[in-house]
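Structure, as structure tokens:
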Amino acid sequence: MKTRAVIAAVLLLLVTLSVSCRSSVVEESITENSTEEELITVGFSQLGAESDWRSTNTESMLSALSKENGYNLIYKNGQQKQSNQITAIRMFIQQEVDYIVLAPATETGWDTVLNEAKEAGIPVILVDRRVDTTDKTLYSCWVGSDFELEGQKMATWIHDYTTMIGVAPEDIHIVNIQGSIGSTAQIGRSKGLSEAVKEYGWDLLDEVSGDFTETKGREVMADLLQKYDNINIVYCENDNEAIGAIDALEAAGKVVGPDINNGEIMVVSFDGINIKALEYAKIGKISCIAECNPLHGPRVQALIEAIEAGETPDKFNYVSETLFSSVSGITSIEVEGKTYTITPVE
Ligand code: GYE
């Protein structure tokens with residue numbers, strides 16, 4: 001007993017000595033570690049900065065995944081190039097981030113790099129657009145809009161409105177200024193329109209990409225006006241394109257508005273975040289805008305928190321959205337049995 005007590009006392013002394021010798025170092029690294037460890041490191045690869053929607057989305061992500069909220073965010077702007085996004089993801093993997101958040105430019109071409117993230121054990125959360133991978137386990141979950149539904153809603157609004165003012169389907173001559181080709185937003189919105197074209201027998205004159213930008217929207221619209229003299233509806237896959245297209249239409253002496261029976265050219269678009277576009281919607285220069293909500297920061301934050309708490313969030317998380325219009329007569333539309341009320345622009 002006595003020997004054991006002596007050994008215990010000596011051991012205690014040794015431990016105390018070694019702790020006190022290292023104490024300052026240990027304390028320092030504990031302080032450092034504890035703050036760092038409390039923060040969740042997230043690598044966010046944004047696809048670019050092509051539109052107002054995109055800048056609002058970036059701001060929302062940066063403010064939700066902030067230090068104050070417990071995040072150490074590494075933000076990378078892909079400048080519209082998938083190759084830049086792939087490089088960013090590889091960098092995040094090397095930095096051993098806790099999560100990768102990806103807003104992908106296009107749907108295809110992600111299998112290899114997402115496999116690398118999976119092998120490194122880093123969960124990937126997709127935001128806004130989606131990826132087209134055969135293996136759905138390459139990402140944890142996705143949050144964004146139902147782009148095809150947005151297109152269907154817009155097509156239904158066009159159908160209801162033109163029926164109301166008595167325009168025959170064959171007298172509807174549409175051009176589609178598409179978004180960036182291969183992006184989920186473009187694919188869904190173009191599909192919503194083409195299905196309606198088939199169903200109602202509208203005349204879809206042309207589909208060209210305006211890359212979701214004002215400059216390209218203006219350029220493409222000017223070309224389309226050279227090619228066709230009977231355009232009466234311009235379907236723009238985002239507001240920035242619509243603003244550019246309206247410029248080009250007015251520069252060519254056209255009157256933009258919903259009165260297509262009297263020669264006006266009707267413009268419709270998507271997003272509803274750009275101030276100028278909302279102003280245009282108020283005065284009828286843009287006849288209808290299908291809302292696309294960019295405020296995904298808190299949604300991504302909630303998904304990360306759920307995973308941190310050991311939960312498995314739903315794979316696909318949709319945001320509900322409205323339509324904005326100041327054109328009188330249509331107060332709601334119905335798509336697949338569901339009613340959507342039109343929000344007037346104030
Ligand atoms: O509509 C457009 C942006 O993917 C939903 O991308 C997004 C689209 C948005 O540049 O303005």
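These figures come from a predicted structure and were not determined experimentally. We count ligands from 1, going down the list as the structure has it; atoms in each ligand are counted the same way.
Salt bridge Arg90/Glu116: present, at least one basic N to carboxylate O contact under 4.0 Å.
Near ligand 1, residues Glu50, Ser51, Trp53, Arg54, Asp128, Arg129, Phe147, Ala185, Arg189, Phe212, Asn238, Asp271, Cys292 each place a heavy atom inside the 4.0 Å sphere around the ligand atoms.
No cation-pi contact links Lys118 to Tyr139, judged by a cut-off of 6.0 Å to the six-membered ring centre and 45° from its axis.
The two atoms that bring Ile74 and Val97 nearest to each other are CD1-CG1, 3.8 Å, heavy atoms only.
For Ser209 (side chain) and Asp211 (main-chain N/O), a donor-acceptor pair under 3.5 Å exists by modelled atom type. No donor-acceptor pair closer than 3.5 Å links the side chain of Glu214 to the backbone N or O of Gly244.
Between the side chains of Tyr99 and Glu308, at least one donor-acceptor pair of N or O atoms lies under 3.5 Å.
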